[in-house]
Amino acid sequence: MVRYNPKAVEPKWRAAWDAADAFRAETGSGKPKYYVLEMFPYPSGNLHVGHARNYAMGDVVARYKRAQGFNVLHPMGWDAFGLPAENAAQERGVDPTAWTLSNIDRMRAELKALGLSIDWSRELATCDPTYYGRQQAWFLRLMERGLVYRKEGLVNWDPVDMTVLANEQVIDGCGWRSGAPVERRKLTQWFLRITDYAEDLLEGLQSLDRWPDKVRLMQENWIGKSRGLRLDFPFAAPQPEPAITVYTTRPDTLFGASFVAVAPDHPLAERLAASDDRVRDFVARCRLGGTSEAEIESAEKLGWDTGLEVVHPFDPDMRLPVWIANFVLMEYGTGAIFGCPGHDQRDLDFARKYDLPVTPVVLPPTADAASFHVKQEAYVGPGRIFNSRFLDGLEIEAAKAAAIAEVERLGMGVGATVYRLRDWGVSRQRGWGCPIPVIHCQACGVVPVPEDQLPVRLPEGMDFSRPGNPLARDEAWRQVSCPKCGGAAQRETDTLDTFVDSSWYFARFANPHAAAPIDGAAADYWLPVDQYIGGVEHAVLHLLYARFVTRALADEGMLKVKEPFAGLFTQGMVTHETYRRQNGEWVEPGMVEIETEGATRRARIAETGEPVAVGDVEKMSKSKRNVVAPADIAETYGVDAARLFVLSDSPPERDVQWTAAGVEGAWRLINRIWAEFDALGEGAGDAAADLELLRGTHKAIKAVTEAIEGFRFNSAVARLYEFTSVVRTARADAAVSDSARRTALSALARLVAPFAPHLAEECWSELGESGLVAQAAWPSWDPALSEDEERTLPVQINGKRRGEVRAPAGASAAEVEQIVLGDDEIRRRLEGLTIRKVIVVPDRIVNLVAG
RNA sequence: GGGGACGUGGCGGAACCGGUAGACGCAGCGGACUUAAAAUCCGUUGGCCUUUGGCCGUGAGGGUUCGAUUCCCUCCGUCCCCACCA
């Protein structure tokens, strides 16, 4: 027997695929198209097994669909702008372009070594001017459409990364990347009008039936649609403005209003602050508080009584005081609320602190109107309205409708839908990004860079030695003449958020060499992506932006689809145990030797024998040093073993724990499979044994096919183990004919191909098959052979298993009943009992109800 | 505070539409081969009992059903998302 040697076999087949150009996708072909895409990586320089799992999943789908006869597009690119390059530039003085491109070279080689069936002719990198230049082109077209605007406003400023963050990038009040507490700063920023598409983005979720419910729900919550009422509270005494406009989702509780409050950055508060130092101090104090979970939980309600009064819209005699309150947010609704302490906990906390009246207006179903009081907890449950004149007696929903109708009749407000979603701030004060292609001219204002002057390239040799934006201090780059008037002008120095780069790359893959940003015909052919695969951490950010940009480009006539990703799969991460020395230092798994003694495991450093503590299983990270590189595994077991293992054991959507024992298991399977192909040409042939092997083969084809279709790759691998055993047992125990074995092995090679493609090619060639298994058709199964002819049916008596009978497949209930009642064992069990009911589930189970 | 998911052997997990719970792998145990070890192969492995048989068992408790890991209710635990969003 020849031991399988991946180090020799694997490169040979990768060369064969290259020579045959086996994975090139031809746009337009007689075959149905299938576009499978994994979220493109950031070229950090290191490929770890987490990447390997992600791309292996996509590769299983790609290879399977190709075998099924689809014209498959499976491309790869690089999300190449981003902070790590700038950090490297700052720390080591390297050029970010050179650093990024060399990382790409290294990672491309590592990815290629995984044997992925990728069409490398379509490779793209977002830091390439041929890519970001096209991005600038469509950005300017969206600008013409009015989807791009500048505004001055409070922005989330990351003091460590020295840039602005989108709301989506602020997590618990800290920068998503730096983890530093975010500051609020006033800056003029570029925005994309994603809110124009709020309703469409929400509605579109309905059609995404091949997306995880979880992701759709997260996007739904993020868009955060709420129906309510926008209404005016006129000032009791004349003010520069006539009224305060508030937004509420509880118009039914209007008669419970006891104050009106505005946000500290509301125009009214700012006006008052301008003329009153005490107000200015109060507003400043409101801005101090952090936004972390703990701080919000314990944050004290702060209020400032302005002394102003407004009139209740339903009764000119009712006056409400106007407060400035720290818990009112300028960004949501109108930045002003009416407080109804009886039925809102925050309003109640505020009212108790500042001694404002609490009037309950919703009566719980079981409560009594005379005795019901709100104490320390606001009542937010169902009930009937009381203390509310014309609304009295109505249920909450009916009261909302009646109140809205009345406000509208009075002309004091209008029913309104509000979204939590805010416009997408895309300005970043960074050098390593796509320049925003506009020029600021004193005379002409903001002037778009003419299309024939695109791309606006980043300058060579940017100076990253100091923090801040190198573009802003590169005068040679910045000073230009105005395209309109020819006068002196300056380039915009902000660059685009990297999420803009990743919001359309899937469309560029349709034809990455086109002169236009998007080759319409190619995109119409390939889009939408049939199967998109990536981490759930992108559930709102990337996936929402991509859906928005796709819509905007569709409205611009550049795309035909509205939804970029028809199918989405969110895969889990690869985790690993962590190891620490006594002094707390993390130790790499490669240096650790594990010793098992009975049920206990001991870990120590292999070279020195120093014991190390085995810590938690965690996401692979450089800081904990628990990263495993595919290259190290390939050295010992080959990449097929690594691919096989990361897909086995755990369901793809869940995390999988990398273990040395697990890879060894996969390695054993590879050798077992190879051993079968290495033992051809034996066996004389026995009809019964041949038929059994044939049945095993068809069962396996069916099981593996269905598991792949259902994204249950772990189950698919389990079925491969099983089928391998079937083939081996048939050879060892029975006289199986050579032709029956060849049929089984031909199927096995093709079933293995999506998971361990190099092994499959070697097996295919050993069988003497012509061509590549990568281009062979997927095996099909015969339903007559994938099911047993005779079934063993368990027989239950009163729900307890009491025996079993054998019956032909598809036997009717009556036939099965006859068999069961004729069975000696069952008859013995039924002695002294009367059968009351017989339930037969054909081909499944029999249950006798007897007493 | 709001929303969601999950909980099955020593471990990762399987069980498709309510129909034999524990597939497959890891670890363990026993054996074969070997001078020996590794590798490989074969067998075995949920718990308990009075063991040709029986009882219990899918976080806990209840319910629906001939039948529940699966559906419903309550509780406990873990994880994820959102969050002073009116």
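First the proteins, then the strands, lettered A, B, ... as listed; each starts at 1.
- Among the atoms of the strands shown, none is found under 4.0 Å from any heavy atom of A:V246.
- To the nearest angstrom, C1' of B:rA83 lies 13 Å from CD of A:E331.
- Annotation: cation-pi geometry not satisfied between A:K301 and A:F350 (NZ/CZ under 6.0 angstrom from ring centroid, within 45° of ring axis).
- Counting non-hydrogen atoms under 4.0 angstrom, A:R728 reaches the backbone sugars and phosphates but no base.
- A gap of 34 Å separates the P atoms of B:rG67 and B:rG3, to the nearest Å.
- Remark: A:Q206 pairs with no residue by the side-chain hydrogen bond (donor to acceptor under 3.5 Å, both in side chains) rule, at least two apart or across chains.
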Listed pairs under 3.5 Å, donor-acceptor, residues 708-718 of chain A side chains, sequence neighbours left out:
| from | atom 1 | to | atom 2 | distance (Å) |
| --- | --- | --- | --- | --- |
| A:E709 | OE2 | A:Y64 | OH | 2.5 |

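- The glycosidic torsion of B:rG30 lies more than 90° away from 0, which places this base in the anti conformation.
- Taking atom P in both B:rC66 and B:rC82, the straight-line distance is 46 Å, to the nearest Å.
- Distance, A:H266 NE2 to B:rC85 C1': 15 Å, rounded to whole Å.
- Distances shown here put a side-chain N or O of A:R654 below 4.0 Å from the OP1 or OP2 atom of B:rG13.
- Comparing A:R802 and A:W667, the nucleotide of RNA chain B nearest to each residue sits closer to the 5' end for A:W667.
- A distance of about 8 Å separates the C1' atoms of B:rC71 and B:rU64, rounded to the whole Å.
- Atom pair A:E537:CD and B:rC81:C1' shows a separation of 13 Å (rounding to whole Å applied).
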Problem set entry | Pair pattern of RNA chain B in dot-bracket, where unpaired bases get dots and | marks partners in another strand, Watson-Crick or G-U under 3.5 angstrom | (((((((..(((......[....))).(((((.......))))).((((...))))..(((((..]....))))))))))))....
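- Looking at residues two or more places apart in sequence or on another chain, you find a side-chain hydrogen bond (donor to acceptor under 3.5 Å, both in side chains) between A:S812 and A:E815.
- Among the protein residues, A:K225 comes within range of no part of the nucleic acid, since none of its heavy atoms lies under 4.0 Å from any strand.
- Side-chain nitrogen and oxygen atoms of A:R829 include at least one within less than 4.0 Å of the OP1 or OP2 phosphate oxygen of B:rG54.
- On the P atoms, B:rC75 is 15 Å away from B:rG4, given to the nearest whole Å.
- Donor-acceptor pairing under 3.5 Å is lacking for the side chains of A:T578 and A:N626.
- Contact annotation for A:R806: no contact, since no heavy-atom pair falls under 4.0 Å across all strands.
- Remark: A:R547 pairs with A:E563 by the salt bridge (Lys or Arg N to Asp or Glu O under 4.0 Å) rule, at least two apart or across chains.
- A gap of 31 Å separates the C1' atoms of B:rU51 and B:rA60, to the nearest Å.
- In this structure, A:N326 and A:C286 approach most closely via the heavy-atom pair CB-SG, 3.5 Å.
- Distance A:F338 CZ to B:rC85 P: 15 Å, rounded to the nearest Å.
- Counting to the nearest Å, the P atom of B:rC82 and the CG atom of A:L329 are 16 Å from each other.
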For this session: Heavy atoms under 4.0 Å is the rule here; annotate nucleotides 17-26 of chain B 5' to 3' with B where the base is hit, S where only the sugar-phosphate is, and - elsewhere.
Result: --BB--BSSS
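- A:L217 places its CG atom 16 Å from the P atom of B:rG2, with the value rounded to the nearest Å.
- As a whole-Å value, the separation of A:N221 CG from B:rC81 C1' is 8 Å.
- Between the P atoms of B:rC81 and B:rU70, the separation comes to 28 Å (whole Å).
- Not a single donor-acceptor contact under 3.5 angstrom links the side-chain atoms of A:K214 to the base of B:rC80.
- Comparing the same atom, C1', in B:rC6 and in B:rG13 gives a spacing of 14 Å after rounding to whole Å.
- The side-chain hydrogen bond (donor to acceptor under 3.5 Å, both in side chains) check on A:E831 picks up nothing, with sequence neighbours excluded.
- Taking the salt bridge (Lys or Arg N to Asp or Glu O under 4.0 Å) definition, one finds that A:D252 meets it with A:R250, sequence neighbours left out.
- Residues passing the side-chain hydrogen bond (donor to acceptor under 3.5 Å, both in side chains) test with A:S258, sequence neighbours excluded: none.
- Remark: A:H542 pairs with A:Y532, A:H538 by the ring pair (Phe, Tyr, Trp, His ring centres under 6.0 Å) rule, at least two apart or across chains.
- Note on A:S650: only backbone sugar-phosphate atoms sit closer than 4.0 angstrom, heavy atoms only; bases stay farther off.
- When each of A:R346, A:R352, A:Q345, A:K353 is checked for a side-chain hydrogen bond (donor to acceptor under 3.5 Å, both in side chains) with A:D349, only A:Q345 meets the rule.
- Rounded to whole Å, the separation between the P atoms of B:rU78 and B:rG22 comes to 31 Å.
- In the model, A:Y721 has no side-chain atom that pairs as donor or acceptor with a side-chain atom of A:S648 under 3.5 Å.
- Across the protein-nucleic acid pair, A:Y247 atom OH and B:rC84 atom P stand 17 Å apart, rounded to whole Å.
- Near RNA chain B, defined here as any heavy-atom distance below 4.0 Å, the residues from residues 704-713 of chain A are A:R712, listed numerically.
- In B:rC17 the O4'-C1'-N dihedral to the base is within 90° of 0, which defines a syn nucleotide.
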Side-chain donor-acceptor pairs of residues 655-663 of chain A under 3.5 Å, sequence neighbours excluded:
| from | atom 1 | to | atom 2 | distance (Å) |
| --- | --- | --- | --- | --- |
| A:D655 | OD1 | A:M573 | N | 2.8 |
| A:T659 | OG1 | A:G662 | N | 2.9 |

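- Between A:K353 and B:rC84 there is no side-chain polar atom (N or O) within less than 4.0 angstrom of OP1 or OP2.
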